[in-house]
Structure formats: C-alpha cells, structure tokens
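In what follows, chains carry the letters A, B, and so on, assigned in the order in which the sequence lines appear, proteins first and then strands, with residues in each chain numbered from 1. What you see is a predicted model; the values in this text were computed from it and never measured.
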Amino acid sequence: MKWSRVLIRTMKENPKEAETKSHRLLLRGGFITQHQSGVYTFLPPGWKIMQKIQNIIRSEMNSIGAQELLMPSLTSGEVWKQSGRWETFGNDMFKFKDRKGKDVALAPTHEEVISLLARDYLHSYRDLPQIWYQLQTKFRDEPRPRGGILRVREFIMKDSYSFDRDWDSLDKSYQLHKDAYSRIFERCGLEFKIVEASSGIMGGGHSEEFMVFTKTGEDSVVICEKCGYAANAEVAEANIIENGSKENFSEKKIVHTPNARSVEDVAHFLDVEPSHIVKSLLYVSEKGQTAMVLIRGDYEINEAKLLSKLGTDFQLASPDFIKERFGIEPGFIGPDGLAADKIIADESVRQVERFVAGSNKDDYHIVGLKLSDIRIDEFADLRLVREGDLCSRCNAPLKILNAIEVGHIFKLGTKYSDSLDVKYADYDGTLKPIIMGSYGIGVGRIMAAAIELFNDEKGIIWPFAIAPYEVNLIEINPAKTSNFSDNVYELMTKSGFDTIWDERNISAGIKFKDAELIGIPINIIISENKAARGEAEIQIRKDASKYDIKVENLVQAINTIIEEKRL
RNA sequence: CGGGGCGUAGCGCAGCUUGGUAGCGCGCCUGGUUCGGGACCAGGAAGUCGGAGGUUCAAGUCCUCUCGCCCCGACCA
C-alpha cells in the first residue's frame, strides 16, 4: 500500500481526554477514535492490528481442536432469567424491550447461550469433549469506562467453552487452554504472568488470570518474588504478622472514649497498639440481614473475600442504618452483645488474647475483652493483603503490582449445566450434567497492553507479529527515486512482508516522526545517494540501529535482524 | 452513585472576571521555493461558541435548566 492512499491520520498534539499511554498513542497514531464514552471505532490501521491478534488467537485455538462458531449478541432475556444472571448482572447488562414488549439483552458474555446450544446438540458421552469458541463483540454497561480501550462498554472478546464428561477431563480442557493462551500472548509479544483469581459473577470453581504488569493496569496483583506465588489482590493470602507486644489489660472494663471512633483515634486515646483493637464493621443485605465483621485493628477488610462468604447482596451499612437499627454511632459498635444476625471474624482475631472493642454505647469502648466473652459464628480469611505482608507459602515479603487482565480461564463445573439443564447420557445410560469451562481473552486489551509495555517518547514500538505494517519504505525524495522504490516495494511484498510505502511528497522529518509514532518495526530508507549505489538503509524502531544494505541482500538482512533482535 | 475538571474550526487552546463585528498555533486547500528529522513564502476555506430557556438595545461572556466527555473513588469476568 502507498501511504498516501491509506487512512492514517496522526496527531502531533495529545488529545486532552487521554491519560494513559496506550490511550494517547492509539489516538495520536490514528488507530482508534471515540464514538461515545467507552465505545470506539477501530480505524483501518487499528483494525489491522486487531485482525492480526485475532488470527494468532484463531490459529492457537484451532491447534487445540477448538471449533469456531458465532453466537448472537442480541439475546433473549429469558435465558438470563433461567440462569439467574438477569439479576446478578444487574445494570452491567444492556437490557431493553423489543417492540412486542419482550425482554432482550446485549450479551455481556455467552455461557447461557452456549449452554443451550450444548443442550440441543450434545447428548451422549460419545459427543464429548468439545471446545467451541467465537470472536464476538460483548456489551457491558460499565459504571465507569476508563483508560481508553482498557475498560470499555463494547469490546471484542475471544470466548471459548469446554464441555466434558467429568472433572478429570475438564482439567485437560483447562490445561489445553492454559497452554494455548500462553502461546497466544507470547506470539503477540507480551510479557505476562498467570495468577490465582476470583471467579466472581461467572461462578464455579478455580480460575486463573493472565496478567500484564503495567503502571496503568486496573487490577492489583500480589506477588512473591521468592517462591513465585502470584494472585489477584481480591483472593491473595498472606500470613498474619504477630503483634509483637503483649496486651496489658488484666480485666474487662468499660472506658470513656469520647469522640474516639476510628481505630486510630482509639489507639491514640487509650495509648494501645492498633493490633490490640478489634475493628467491628456492620454489613447489611438487601433483605435487611445484618452481619458483624471483625478484624484486627491493623488490618483492612478485603471486600471481595468477605462478599464471597456473605453473598454479594451485602454491603457496608450506612451510619444512619446503624443508628436506626441499634441506636449507636458506628464508631462504637462492637461484638459484645450486639444483636447482629451473624458475626464473622478474620483469622487475625484469633491471635489476640485480650483486646479493645466498641461497647455498643456511644463514647465508650471495652478494654480487656476476651474471645470467650463474645459470640463468633465463623472464622475466615477476610484480610486485604498489603505490600510487605509475608507470603503464606514461604514467608518472604510480598509485593503488589498493577496489571492489565488480558485473559481469564475458569473451571465452571456444573453451574450452568445445572441451572439450564444440560445433560448427557453416560456409558450406563444415566443422565449426568456436562462439566463446563469458560475461557476469555480481551483482544483490544492485548493491543493496549502491548503499547503500555512497548513505547518510548517518540511513540509505539509494536512487536513484529501485531504491527500495523511490518516494513515501511521511507522515500526521502520521491521525485528522484520512485523507480528504485518501486522495485524495493515489489521485492518486499513478494517476500511476504506486510509493507507500506511512504511516497508522500513532504519533508522527510514528518515521515520519520510518523513512522516512529505508529511504531512500524522495520523502516527502509531510500535516498538518492544510496539508491545510486544500489543500497537502502534499514532502520530498526526498537533500538534505532541502522544498516546500509545492497538491495539484493535486503530480504536476508531483514530476516536476520528479525531473528537476532527478536522483533 | 459521590468528588473534581472540561465542552469555542479536524486537534491543542485563548477570549468569559468587566456583555459590544469570534481569535491563535497545528492541520487542511491553491501556487511557488525546498528535500535525511514535524522547512519556508504568498494566498485561501472552515466554527448553530454542546443544547434549551431567560436577562439585555446587544450574550461565547451573566442567570436557570439540561446533555456530553475526562479524571479520582465506589462498583465491576
């Protein structure tokens, strides 16, 4: 393609709405343009990248025997009601009524639709296992789209689903995906890590995420550099750090603590360590069930962990609710005799012998309370892991890093087979639920993650495999070298390189700047002098290295460079 | 949903305090000179000032309402 014929519209200045690197560079490079909040058009160069990524995904999915299909985005509300996710997705799902008044939804994911397909087409153990996948637009009405293409309301996802006879067979399908995903992200040039994850609203059992570590990632990942433990902060575990000093409360007594509400206030007022205080939080469900949550004063609650215990319809009670229900200011509630429906405590609470807690009377706390004095219905790991907490496997200090989630794999089990009645007949003729897995990849996120990972002050440095063009012919003076350039262009194209030819009649500086901004890995500079000697200059975007090469040796030289520099 | 910011030409912005013919840079078009790092000269086109209502002789500017976009938080495979 000649540059002047391609819709490449670069911008010298930063659009003001863009904060993150990938967002800025995608806009400046003319790869995307915004249509509304969280909804983008992929312009031709951007869509080329998306297609290259999708082709890599296809080839790796096909290699594990997965079959591509395409399901509808416009789905009937009925199937979501059957699985129960009409409610659990809530406003995150785009829902509306058709002209007949029937509920419909734009699919945010496709477990329901594919489960119904499986129910119609898979009847016998002979039909299993199966892996089906699609590359399809998903719709999610995110409360706050952000980071350009990182969190959007309409996006292309590769989603696949496995159907197996039993759990061992699911393990195999899961492992096939895990390996295929690793190859996909490697081929796209990404650096990534597989981490333990929360399965959240997808339901089911074990799940892992493929994370790309970048400053702008919106997920937090806890990692141990010593033993390699890595987990999403939502599920990460850590050892409880002993609270060094010994409590010196000899007996239980009520003390006046006017206006001391927070752990910090109370610790300061009574001159005790925060780890000698037990923090009491009240959660309330939509139905009005109350749960008191206890945790050692120097820790914070991890709400993802807590809600997986309590149920997602619980939320932190408002001060007004607490006043109304119990007649106490939130700062003074405590486990001693409060009529909460349930009392759940973090494991760290076991660790204190005598402690300070709210007294359930305004402006008073209890000191010297013992565990045996109070009712605790359940102990659980509810702690939010902090940087520097100790690894639960090897006791080394943990780190917390931001990351972009580019893939997520789940062992669903029978959640959808049960709710949607997806069964097969086994050897002995008995009907059993099909065991399912579900596996997603965010195509646009791969594109954004690659930019976050590989850029400099001049622009993007695309990995060769997903670059919008592999080779760019920069003609310094088109009027004088067009025949020569034509030959080089032919040569590159015939040799299989995805080549663009910048024959624009503008100053060379602009061509260099554009090439650097949009990140083409290999540039071939054609100048009058060198052309006269039968040479062209190769410039590599990644390290700015330059080589003068005879045209007849060009292809070989480029192949060698790609190999050696691992473009 | 809470907090903050912003809507003026394709992009980046000034003009608003103190109402009086809508501007600048980049980009775009025409002609010319240039031609290895966003070059120069001359000429030109392009804006319902996000929208509605109001105040006023007069509104980009003041008032009311409203829509949209971005950031932080809440929330979220």
Task: CZ on Phe139(A) to CD on Glu154(A), rounded to 0.5 Å - done: 4.0 Å
Task: Base-pairing assignment for U61(B) (Watson-Crick or G-U wobble, both under 3.5 Å) - done: none
Task: Distance between C1' atoms of G23(B) and G68(B) (Å, rounded) - done: 25 Å
- [ ] Identify, between Lys458(A) and Gly38(A), the residue whose nearest nucleotide on RNA chain B lies closer to the 5' end.
- [x] Lys458(A)
TODO: Measure from the side-chain heavy atoms of Gln36(A) and tell me the nearest of G38(B), C69(B), C11(B).
DONE: C69(B)
Task: Residue-phosphate contact under 4.0 Å: Arg144(A) side-chain N/O, C72(B) OP1/OP2 - done: yes
TODO: Name the closest nucleotide to the Ile476(A) side chain, picking from C26(B), G36(B), G37(B).
DONE: G36(B)
Open item on the list: Can you tell me if Ser507(A) touches the phosphate of G37(B), counting only side-chain N or O atoms and a distance under 4.0 Å to OP1 or OP2?
Closed with: no
Task: Asn505(A) side chain, from C-beta outward: closest of G36(B), G38(B), U34(B) - done: U34(B)
TODO: For Ser160(A) and Trp132(A), test the side chains for any donor-to-acceptor distance below 3.5 angstrom and give the result as yes or no.
DONE: no
Task: Between CD1 on residue Ile114(A) and OH on residue Tyr161(A), distance to nearest 0.5 Å - done: 6.0 Å
Open item on the list: For G68(B), does the base pair up with any side-chain atom of Glu17(A) as donor and acceptor (N or O, under 3.5 Å, distance only)?
Closed with: no
Open item on the list: Between C1' on C1(B) and CD on Glu142(A), what's the gap in Å once rounded to a whole number?
Closed with: 15 Å
TODO: Give the rounded distance in Å between these two atoms: CD1 of Ile510(A) and P of G27(B).
DONE: 7 Å
- [ ] Using whole Å, report how far CG of Asp502(A) lies from P of G36(B).
- [x] 14 Å
Open item on the list: At 4.0 Å (heavy atoms only), tell me whether Pro15(A) reaches a base, stays on the sugar-phosphate, or touches nothing.
Closed with: sugar-phosphate
TODO: Please tell me which of the listed nucleotides, C35(B), G36(B), C11(B), lies nearest to the side chain of Lys530(A)?
DONE: G36(B)
Task: Reported CG-to-CG distance for the pair Leu25(A) and Asn455(A), which is rounded to 0.5 angstrom - done: 6.0 Å
Task: G37(B) phosphate, OP1 or OP2, under 4.0 Å from Gln539(A) side-chain N/O - done: no
Open item on the list: Once you apply a heavy-atom cut-off of 4.0 Å, does Asn529(A) come out as touching a base, just sugar-phosphate, or nothing?
Closed with: nothing
- [ ] Answer with base, sugar-phosphate or nothing: what part of the nucleic acid does Tyr439(A) contact at a heavy-atom distance below 4.0 Å?
- [x] nothing
- [ ] Could you tell me whether Glu537(A) contacts a base, only the sugar-phosphate backbone, or nothing, with contacts defined as non-hydrogen atoms closer than 4.0 Å?
- [x] base
- [ ] Looking at every strand, decide which applies to Lys138(A) at a 4.0 Å heavy-atom threshold: base, sugar-phosphate, or nothing.
- [x] nothing
- [ ] Would you kindly say whether Asp179(A) and Gln175(A) are connected by a side-chain donor-acceptor distance under 3.5 Å?
- [x] yes
Task: Nearest to side-chain heavy atoms of Glu13(A), which nucleotide of C11(B), A74(B), G38(B) - done: C11(B)
Task: Among G12(B), A74(B), G36(B), the nucleotide that comes nearest once only the side chain of Pro143(A) is considered - done: A74(B)
- [ ] Determine whether the side chains of His23(A) and Tyr40(A) contain a donor N or O and an acceptor N or O closer than 3.5 Å.
- [x] yes
TODO: May I ask you to say what Arg153(A) touches in the nucleic acid, namely base, sugar-phosphate or nothing, with a heavy-atom cut-off under 4.0 Å?
DONE: nothing
Open item on the list: At 4.0 Å (heavy atoms only), tell me whether Gly407(A) reaches a base, stays on the sugar-phosphate, or touches nothing.
Closed with: nothing
Open item on the list: Nearest to the side chain of Ser37(A), heavy atoms from C-beta on, is which of C70(B), C26(B), G36(B)?
Closed with: C70(B)
Open item on the list: What's Gln34(A) touching, base or sugar-phosphate or nothing? Going by heavy atoms closer than 4.0 Å.
Closed with: sugar-phosphate
- [ ] For Ile525(A), report the nucleic acid contact type (base, sugar-phosphate, nothing); a contact means any heavy atom under 4.0 Å.
- [x] base
- [ ] Could you please name the option among C71(B), G36(B), C13(B) that lies closest to any side-chain atom of Arg146(A)?
- [x] C71(B)
Open item on the list: Assess whether a salt bridge exists between Lys95(A) and Asp141(A), defined as any Lys/Arg side-chain N lying under 4.0 Å from an Asp/Glu carboxylate O.
Closed with: no
Task: Closest-nucleotide 5' rank along RNA chain B - winner of Lys513(A) and Ile441(A) - done: Lys513(A)
- [ ] Give the nucleotide from the list C13(B), C75(B), G37(B) with an atom nearest to the side chain of Glu303(A).
- [x] C75(B)
Open item on the list: Any base atoms under 4.0 Å from Gln315(A), or only sugar-phosphate, or nothing? Heavy atoms, all strands.
Closed with: nothing
